[in-house]
There are 4 protein chains.
Amino acid sequence: MVERIVTAGARVLEDSGYQEASTNRIAREAGVSPGSLYQYFPDKDAIVAEITSRLIDDFASAIAPALRQAAIEQPPAAALVVLGAVLDALQQQAALLRALVDRVPAVEQQEALQSVRARLADIVYHSLATNRGALRHADVERTTWTIVELTQHLLVRYVLDSPPIAREDFLADTTHLILHLAYDRDVAE
Amino acid sequence: MVERIVTAGARVLEDSGYQEASTNRIAREAGVSPGSLYQYFPDKDAIVAEITSRLIDDFASAIAPALRQAAIEQPPAAALVVLGAVLDALQQQAALLRALVDRVPAVEQQEALQSVRARLADIVYHSLATNRGALRHADVERTTWTIVELTQHLLVRYVLDSPPIAREDFLADTTHLILHLAYDRDVAE
Amino acid sequence: MVERIVTAGARVLEDSGYQEASTNRIAREAGVSPGSLYQYFPDKDAIVAEITSRLIDDFASAIAPALRQAAIEQPPAAALVVLGAVLDALQQQAALLRALVDRVPAVEQQEALQSVRARLADIVYHSLATNRGALRHADVERTTWTIVELTQHLLVRYVLDSPPIAREDFLADTTHLILHLAYDRDVAE
Amino acid sequence: MVERIVTAGARVLEDSGYQEASTNRIAREAGVSPGSLYQYFPDKDAIVAEITSRLIDDFASAIAPALRQAAIEQPPAAALVVLGAVLDALQQQAALLRALVDRVPAVEQQEALQSVRARLADIVYHSLATNRGALRHADVERTTWTIVELTQHLLVRYVLDSPPIAREDFLADTTHLILHLAYDRDVAE
DNA sequence: TATGAATGAGGATTCATTCAT
DNA sequence: CATGAATGAATCCTCATTCAT
């Protein structure tokens with residue numbers, strides 16, 4: 001039942017955005033009565049939050065293999081592998097992603113997004129800390145913050161805005177940015 | 001009167017975001033009757049658009065001197081000067097900026113934001129084209145896109161999220177990113 | 001519920017006419033919330049349309065027996081029987097009729113009224129065509145149009161304006177008009 | 001000034017009907033300020049009433065010659081002359097007539113219309129009274145009422161609905177109706 | 001548990017009217 | 001007189017939410 005609601009909600013969100021996604025419409029789309037929504041969710045925003053949260057879980061599963069592989073690679077290759085995987089995952093969910101990023105007021109989904117950001121930050125932080133000696137400077141937090149913001153934003157906008165940039169070029173640039181931000185000098189790319 | 005409406009609208013937006021900003025509330029806050037709103041604006045979104053547009057004009061004025069100075073500097077210093085000015089301008093308007101960026105569905109403000117982005121892109125494009133010979137690669141469009149997205153996002157998030165990063169460090173990192181993305185090798189920073 | 005809304009709507013219409021009949025007022029009069037109106041009707045005009053439509057159905061039922069009887073009578077008696085029945089039916093609903101005819105802009109109810117007129121026209125046409133040989137002239141359409149307009153208007157105004165004319169005299173005059181328009185010479189009245 | 005307002009009001013009424021004819025729009029169309037309307041008319045309905053009233057005066061002037069001529073003719077010819085003149089006058093003002101008859105709730109214009117009806121009734125009454133001896137029955141009031149309603153309605157609908165009936169046929173039928181209603185037997189037509 | 005009819009506060013917008021200038 | 005900015009009550013309608021069944 002939660003399943004049907006979430007699926008229908010995502011569909012409605014994709015089709016029409018947050019404002020047009022009335023609870024009645026989600027219920028109808030789910031083949032469920034409006035009342036039933038409130039047996040599983042306290043209010044409308046909770047449904048959106050659940051949708052966001054599931055999207056994020058999907059991403060996590062989708063990039064898990066890449067993360068495992070990255071763990072046994074050198075930074076440049078590792079970054080490329082991970083970024084490529086994230087990009088693929090985002091492309092897969094472009095429609096819902098657009099609905100969530102561009103059509104839902106950001107506050108509604110901050111909790112959920114904070115969690116992604118936190119996971120991403122952990123990975124980056126750990127990776128940087130491991131190579132602490134080679135960093136441009138010792139402030140790992142600072143570099144982590146910038147990398148997370150940078151990466152997340154560029155990937156999302158690349159998927160949503162489809163700028164006229166080839167995938168490999170885009171990934172190369174992003175990798176270049178990250179590595180140059182983190183490390184003192186050119187790492188073999 | 002337009003003044004009062006826009007001011008009140010901005011205040012309401014800052015306090016409660018787009019969804020809560022009803023026309024009646026804006027009117028009340030402005031000490032004006034609901035009908036008066038519609039003598040000056042065709043609908044609610046036009047009010048929000050005007051607020052956004054004024055914010056953008058403020059930015060433009062605020063950074064104009066920096067842009068003039070940047071025109072007679074070398075890239076690294078130029079970038080620093082401009083970024084610093086933009087950062088100051090954003091700090092000045094942090095409250096309204098937060099309301100607009102985080103609490104208004106992106107679609108509602110796309111026209112206004114596209115215009116800023118376009119102006120920014122022009123400046124960056126021109127600057128890159130001028131130093132075309134020294135670029136990492138010839139695709140100026142591509143570099144422009146990345147720089148614009150990158151810069152805008154990092155600056156806005158720095159202002160809105162206040163990460164524990166010193167202003168000079170943040171500006172240094174951002175400048176570093178931009179220059180390394182654009183130019184083949186280290187420019188004297 | 002539809003019942004309550006329609007009843008209340010008719011009452012409000014009778015009391016105050018179309019312009020004053022706000023949806024909120026109809027809802028209040030029906031002891032129902034404004035929202036409920038829109039579960040059963042797409043908009044305000046649909047309510048008025050339903051009221052009109054029911055009025056018309058009432059008429060249809062009320063005059064059905066007379067029509068059956070008329071089918072087995074000669075023209076003069078047939079006309080008298082039908083007109084008398086219609087007059088009674090109109091008298092029954094005088095209040096609502098007044099509201100609809102005099103206080104609703106004609107355009108709002110044209111669909112509904114066209115349907116009555118069409119039914120009436122069918123009956124008249126058929127009746128004339130049956131006696132085609134005796135007609136003043138062969139243009140049945142033309143006579144039908146005039147009879148329908150004539151009859152409908154006179155009956156409605158008689159009911160709404162209560163001119164100082166006895167019922168039997170009024171019916172006699174109307175019958176006289178119709179028969180003389182249709183047939184070449186005096187039919188035994 | 002009254003002139004401009006009335007002219008503009010008529011234009012707006014013709015174009016869009018009563019509901020859409022806002023005072024602001026009439027003022028704009030008249031090139032006059034909304035405030036000025038209220039120097040000459042107590043409220044919106046007074047403007048509509050004045051428009052109606054002028055339309056009626058126009059009719060009166062337009063048919064005056066026909067009435068004079070009718071005074072020196074025998075009933076059948078007299079009726080034809082008058083009806084023809086009225087029909088012409090209505091055709092001239094068809095657009096405004098439609099706006100007034102079909103799109104203004106009847107109550108708004110009853111005063112004005114009562115006056116026309118009264119004038120018409122006077123003429124008919126006088127004409128019948130003059131030939132009292134030949135009437136089908138002595139109740140002149142009764143016949144007057146029916147003729148007035150009958151004539152007015154048929155002429156207006158003929159103009160507004162353009163039924164597929166030739167002008168001369170329509171006039172012949174209407175004359176036939178009136179004369180047969182009034183007089184005992186066929187008058188030479 | 002599931003329903004879905006019912007809710008009602010609230011939304012954006014209109015427009016006849018006023019009144020200070 | 002003429003103006004027109006300002007009014008604000010009122011309009012139609014929406015939709016997140018509730019609750020008796």
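Quick caveat: nothing in here was measured; it's all calculated off a predicted structure.
Nearest-nucleotide positions on DNA chain F place D:Gly31 closer to the 5' end than the other of D:Gly31 and B:Ser33.
Counting to the nearest Å, the C1' atom of E:dG10 and the CZ atom of B:Arg28 are 11 Å from each other. For the pair B:Tyr40 OH and E:dA12 P, the interatomic distance rounds to 20 Å; values are reported in whole Å. The separation between A:Ile26 atom CD1 and E:dG4 atom C1' is 17 Å, rounded to whole Å.
Annotation: cation-pi geometry satisfied between C:Lys44 and C:Tyr18 (NZ/CZ under 6.0 angstrom from ring centroid, within 45° of ring axis).
Nucleic acid contact class of C:Phe41 (heavy atoms, under 4.0 Å, all strands): none.
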Parsed dot-bracket for DNA chain F after applying the Watson-Crick and G-U rules with both distances under 3.5 Å and | for other-strand partners is .||||||||||||||||||||
Protein-nucleotides 15-18 of chain E N/O pairs under 3.5 Å:
{"residue": "E:dA16", "atom": "OP1", "partner": "D:Lys44", "partner atom": "NZ", "Å": "3.3"}
{"residue": "E:dA16", "atom": "OP2", "partner": "D:Thr23", "partner atom": "N", "Å": "2.3"}
{"residue": "E:dA16", "atom": "OP2", "partner": "D:Thr23", "partner atom": "OG1", "Å": "2.7"}
{"residue": "E:dT17", "atom": "OP2", "partner": "D:Tyr38", "partner atom": "OH", "Å": "3.0"}
{"residue": "E:dT17", "atom": "OP2", "partner": "D:Lys44", "partner atom": "N", "Å": "3.1"}

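A:Gln152 is linked by a side-chain contact (heavy atoms from CB on, under 4.5 Å) to A:Arg117, A:Glu149, counting only residues two or more places apart in sequence or in another chain. Considering only residues two or more places apart in sequence or on other chains, D:Glu50 meets the salt bridge (charged side-chain N to carboxylate O under 4.0 Å, His left out) condition with D:Arg54. In terms of the salt bridge (charged side-chain N to carboxylate O under 4.0 Å, His left out) criterion, residue partners of A:Arg119 (sequence neighbours excluded) are, by chain and number, A:Asp57. Shown here are the salt bridge (charged side-chain N to carboxylate O under 4.0 Å, His left out) partners of D:Arg4, two or more places apart in sequence or in another chain: there are none. In this view, C:Ser16 and C:Glu20, C:Arg25 satisfy the side-chain contact (heavy atoms from CB on, under 4.5 Å) rule, not counting sequence neighbours. For A:Asp161, the salt bridge (charged side-chain N to carboxylate O under 4.0 Å, His left out) partners two or more places apart in sequence, or in a different chain, are A:Arg157. Residues meeting the side chain to side chain donor-acceptor pair (under 3.5 Å) test with C:Asp43, sequence neighbours left out: none.
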